[in-house]
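The structure appears below as C-alpha cells.
Residue numbers begin at 1 in each chain, while the letters A, B, ... track the order of the sequences. Atom set for the values below is all heavy atoms of this structure, side chains included, hydrogens, waters and symmetry mates excluded.
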There are 2 protein chains.
Amino acid sequence: MPDKSKKKVDIVTVAKAARVSASTVSRYFNHPDLLKPATRKRIDTAVRKTGYIRNRAAQTIHGIRSGTIGVLIPTLDHAIFAEVVQAFSDEVADAGFTILLASHGYDLQREYAILRKFLEHRVDGVVLTGLDHDEAVFQLLDQQQIPSVLIWNYAAHSRYPSIGADNELAGRMIADHVLSLGHRRIAVMFPPTQGNDRAQARRDIVLETLAQAGVTVPEDWSLTTVYSISESKQDAQALFAQPDRPTALICGNDVLASGALYAAHATGLSVPHDISIVGIGDFKGSADIEPPLTTVRLPARRIGQEAGQALTQAIIDPTAAQGHSLHVAPILMQRQSARALP
Amino acid sequence: MPDKSKKKVDIVTVAKAARVSASTVSRYFNHPDLLKPATRKRIDTAVRKTGYIRNRAAQTIHGIRSGTIGVLIPTLDHAIFAEVVQAFSDEVADAGFTILLASHGYDLQREYAILRKFLEHRVDGVVLTGLDHDEAVFQLLDQQQIPSVLIWNYAAHSRYPSIGADNELAGRMIADHVLSLGHRRIAVMFPPTQGNDRAQARRDIVLETLAQAGVTVPEDWSLTTVYSISESKQDAQALFAQPDRPTALICGNDVLASGALYAAHATGLSVPHDISIVGIGDFKGSADIEPPLTTVRLPARRIGQEAGQALTQAIIDPTAAQGHSLHVAPILMQRQSARALP
DNA sequence: CGCATTTATGAAAACATTTGCAAAACTATT
DNA sequence: AATAGTTTTGCAAATGTTTTCATAAATGCG
C-alpha cells in the first residue's frame with residue numbers, strides 16, 4: 001500500500017493527505033488525546049498510505065531526547081561484556097531507548113574519540129566500562145552534563161556512579177578460598193594489565209592476600225597470558241611440565257582457567273587431585289566444564305540490568321540526585337576444580 | 001578550559017567567539033580548505049574554548065548521512081553473533097560509522113518494531129541476521145530504499161544481498177564426514193527451530209544427508225535442546241545412559257557439542273573411542289576443549305568484515321549496483337572428537 | 001437561541017545546521 | 001593605480017519537526 005515513489009515523505013506530506021495541518025499530525029504522534037477521534041483516524045490512514053516514518057533527527061534538534069544511549073566497552077569478544085550489553089540493552093529497550101554501541105579495544109585514545117562521536121549524536125546517556133578513564137573523558141562528561149554510569153567494576157568513591165562488582169573483593173575471595181583449602185604452593189595466571197583496571201586490581205589483591213598469609217609466588221609461577229583459551233592452555237602446560245609443580249593455580253578469569261583445565265587434562269594431571277585450579281568470573285560454561293570450575297561469580301546480567309534501570313531513571317528524571325553507585329556482590333562458587341589439601 | 005556554564009553552545013556561539021558567521025564555522029568543519037588559514041585558526045581556538053560539539057541531528061535533517069548503521073541480531077548471548085558484530089563494528093568504524101545495536105530474541109514482531117525504530121533514527125544502512133524475515137520487514141526495506149544486507153546465512157537467491165556461510169552446506173559437510181568415518185548408528189541434537197531459519201536448515205539437511213546414505217535416526221536419538229551447555233550436557237547424559245548407544249552424535253552447534261563432550265566425560269565414556277561427537281560452528285573454545293572438537297567452521301569474523309565492507313560501499317556509493325551476495329565457505333575442521341569406526 | 005466556555009486546529013516561530021548566491025576582500029596584471 | 005580575476009566570507013533560505021499563541025469550531029447553559 002505505502003507509496004513507493006522515492007520522493008521523501010515528511011510530516012507535511014501526511015498532513016496534506018489527511019487534509020490537516022502539519023501541527024495536527026505532530027500532535028497525532030505526541031499528544032493523540034488532543035485530537036478529535038475522527039481526525040485521528042484520518043491521519044492514521046494517511047500515515048499508513050504514505051508510509052511515513054518519523055524523523056527522530058528533526059525532533060532531536062528541538063531538545064527532545066534522541067532516545068539513544070551510548071555504550072562503550074573494550075570488546076564484544078569477551079562473553080562477559082556481551083552478556084552485560086545484552087542485559088543492558090534489554091532493560092533500556094523497554095523504556096524505548098536504542099543503544100549506540102562501540103568498542104575501544106582497551107585504547108584510551110579511541111575511547112575519547114568514540115565518546116565525542118556519541119555526543120555528536122546527542123545520546124541521552126553514556127555507559128563506560130571500568131573505573132579508569134582518560135581525564136579528558138571525564139572532563140567531557142562533566143562539561144556536557146550527561147547522565148553517565150561506569151559499569152562492571154565497583155568502587156564507592158568512583159568519579160561517576162559505578163555499578164558492578166568489587167573486583168578487589170572478588171580477588172580476595174578466591175585467594176582466601178584457596179588459602180583456606182590449605183594450599184601454600186600457589187601459581188597465578190593473569191591477563192596483561194595495561195589499560196585494564198579490572199585485571200590490574202584483581203591481580204594486585206590476589207598477590208597481596210597471598211602475601212599476607214605468608215605465601216609468595218615465585219617469579220616463574222606468575223604467568224601473564226592473553227585472554228585466550230589456547231594461549232592459557234599452552235602456558236599452563238608449560239607450567240605443569242616443570243618438575244616442581246604448584247598445588248594450586250589461581251587464574252584471573254574463567255577463560256584462562258578453562259585453558260588451564262584443558263592443559264591439566266592434556267598433561268595427564270587430574271583436577272583437583274593433582275592440582276586445584278580456580279578462576280574468576282563464572283562465565284557461561286564454567287559450571288559445566290569438567291570438572292566444574294570453582295570460581296567467583298561476577299553477576300553480569302544483574303549489572304547490565306541495574307545499570308539500565310539507573311540510567312533510564314537518571315535520563316527520565318534529571319532533577320533526581322545524580323545516581324548512586326551500586327555494589328553487586330560477587331559470589332564464591334565452590335565446585336569441583338579445587339580441593340582441600342590433606 | 002571549555003566553558004562550563006550550562007547554556008548550550010551551538011555553531012553561532014562559536015561563530016561569535018571567533019568573530020565570523022555561522023556559515024564560516026560550518027565550512028570549517030565541512031570544507032576546511034575553503035577557509036583562510038588565519039580564520040581556520042581563529043575558529044579552532046573558539047571551538048576549543050567553547051567546548052563545542054557538532055550536532056549530528058541538525059546535519060541529518062539536511063539529508064546528510066546520519067553516520068549510523070542499524071544492526072539487528074537475535075541475541076548477543078551467542079558468542080558467534082557477538083563475534084560477527086564485533087568484526088562488523090570494527091570494519092565500519094574505520095569509515096566513521098557507529099552502530100545502533102538491538103536484538104529481537106527470535107521474535108519476528110519485535111524485529112519489525114526495531115527496524116522501524118532504526119529507520120526513525122535515519123540509519124544509513126541496515127544489517128539483518130538470517131534470510132527469513134517477516135514480509136513487512138522486507139516491504140519496509142523496499143520502500144525506504146535503504147542499503148541492507150542479510151548476514152550469517154548465505155543463499156544465492158536471497159531477497160537482499162546475503163553475506164554468510166551456506167548453512168545447508170555446513171550441515172551436509174559434517175554429516176558426510178561422520179558417514180565417511182563409517183558411522184551408521186547416529187544420534188543428532190539440535191536447538192529448537194522456531195524463528196531460526198539457520199538451525200532449521202542445518203537440521204533438515206543433516207537428516208536428509210543421513211537418509212540418503214540409508215541411515216535413519218530413531219525418534220529417541222533425535223534430541224531438541226536449547227542453546228545451553230548445561231542443558232545439552234544433561235540431555236546427552238540421558239542419551240548416553242541408555243543401554244543401546246549410538247556410535248556418533250552430531251550436534252547442531254558447538255555449544256551443544258561441548259555439553260555433550262562434558263556429558264561423555266561425566267559418564268565415563270571416552271571420546272572418540274566410545275563415541276564420536278561433532279559440532280557445527282567452530283566457536284572460540286572448540287579447538288582447545290578436550291578432546292579438540294571436530295566441527296565445521298562458520299567464519300564469523302570474516303562474515304562481519306565482508307558485510308561491513310559491502311555495506312559501507314553501498315552507502316558511500318549508492319549508484320553502484322545493489323551489492324551482491326557473498327558466500328564465505330564453511331571449512332571442515334578435523335580434530336580429535338571423532339574417529340573412524342574400525 | 002445566544003453567549004460563555006471548552007475543545008480542536010492552524011500559522012508561524014524556533015531548533016541547529018548547511019548551502020546557493022552574492023558581496024567583500026584580496027591578488028595579480030597591466 | 002585601476003582593472004579583472006580569484007578567494008574568502010556573510011546573508012538568507014531550507015531542512016523536518018515541535019510548540020506557543022491565536023483562531024475557529026463545538027459544546028453547555030440559561
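When only modelled atom types and interatomic distance are considered, A:Q86 and A:D90 share a side-chain donor-acceptor pair under 3.5 Å. In the model, B:S21 has a side-chain atom that pairs as donor or acceptor with a side-chain atom of B:T24 under 3.5 Å. In this structure, a donor-acceptor pair under 3.5 Å is absent between the side chains of A:Y112 and A:D107.
Residue B:E120 contributes atom CD, which lies 16 Å from atom P of D:dG16 at whole-angstrom precision. Across the protein-nucleic acid pair, B:I11 atom CD1 and D:dT9 atom C1' stand 14 Å apart, rounded to whole Å. To the nearest angstrom, P of D:dT17 lies 6 Å from CG of A:D10. Rounded to an integer number of Å, the gap from NE2 of B:H121 to C1' of D:dT17 is 15 Å. One can place NE2 of A:H62 at 8 Å from C1' of D:dG16, the figure rounded to the nearest angstrom. Straight-line distance from the CG atom of A:L34 to the C1' atom of D:dT19: 12 Å, rounded to whole Å. The CZ-C1' distance, from A:R54 to D:dT17, rounds to 10 Å in whole Å. Between B:N30 atom CG and D:dT9 atom P the separation is 15 Å, expressed in whole Å.
The aromatic rings of B:H133 and B:F138 sit perpendicular, their planes meeting at an angle over 60°, well past the 30° parallel limit.
Contacts of A:R27 with the nucleic acid, taken as non-hydrogen atoms under 4.0 Å apart, include base atoms. The residue A:T39 sits close only to the backbone: its heavy atoms come under 4.0 Å of sugar-phosphate atoms, none of a base. The residue B:Y52 sits close only to the backbone: its heavy atoms come under 4.0 Å of sugar-phosphate atoms, none of a base.
Side-chain atoms of A:R301 never come within 3.5 Å of backbone atoms of A:V84 as a donor-acceptor pair (strictly under, hydrogens ignored).
Position along DNA chain C of the nearest nucleotide to B:K36 versus A:I61 favours A:I61 as the more 5'-ward residue. Between A:S26 and B:V20, the residue anchored closer to the 5' end of DNA chain D is B:V20, taking for each the nucleotide with the nearest heavy atom.
Under the salt bridge (Lys or Arg N to Asp or Glu O under 4.0 Å) rule, B:D44 has a single partner from B:R40, B:K41, B:R48, which is B:R48.
In summary, contact between chain B and DNA chain C, defined as any nucleotide atom under 4.0 Å from a heavy atom of the protein, begins and ends at C:dA16 to C:dG20 in the 5' to 3' direction.
Computed from C1' positions of five pairs at each end, the angle between the two local axes of the helix from C:dC1-D:dG30 to C:dT30-D:dA1 equals 30°, rounded to 10 degrees.
Pairing each heavy atom of B:G164 with each of B:Y154, the nearest pair is O-CB, 3.1 Å. Looking at every heavy atom in both residues, A:A82 comes nearest to B:L76 through CB-O, 3.7 Å.
B:Y52 and B:Y28 have their aromatic ring centers separated by at least 6.0 angstrom.
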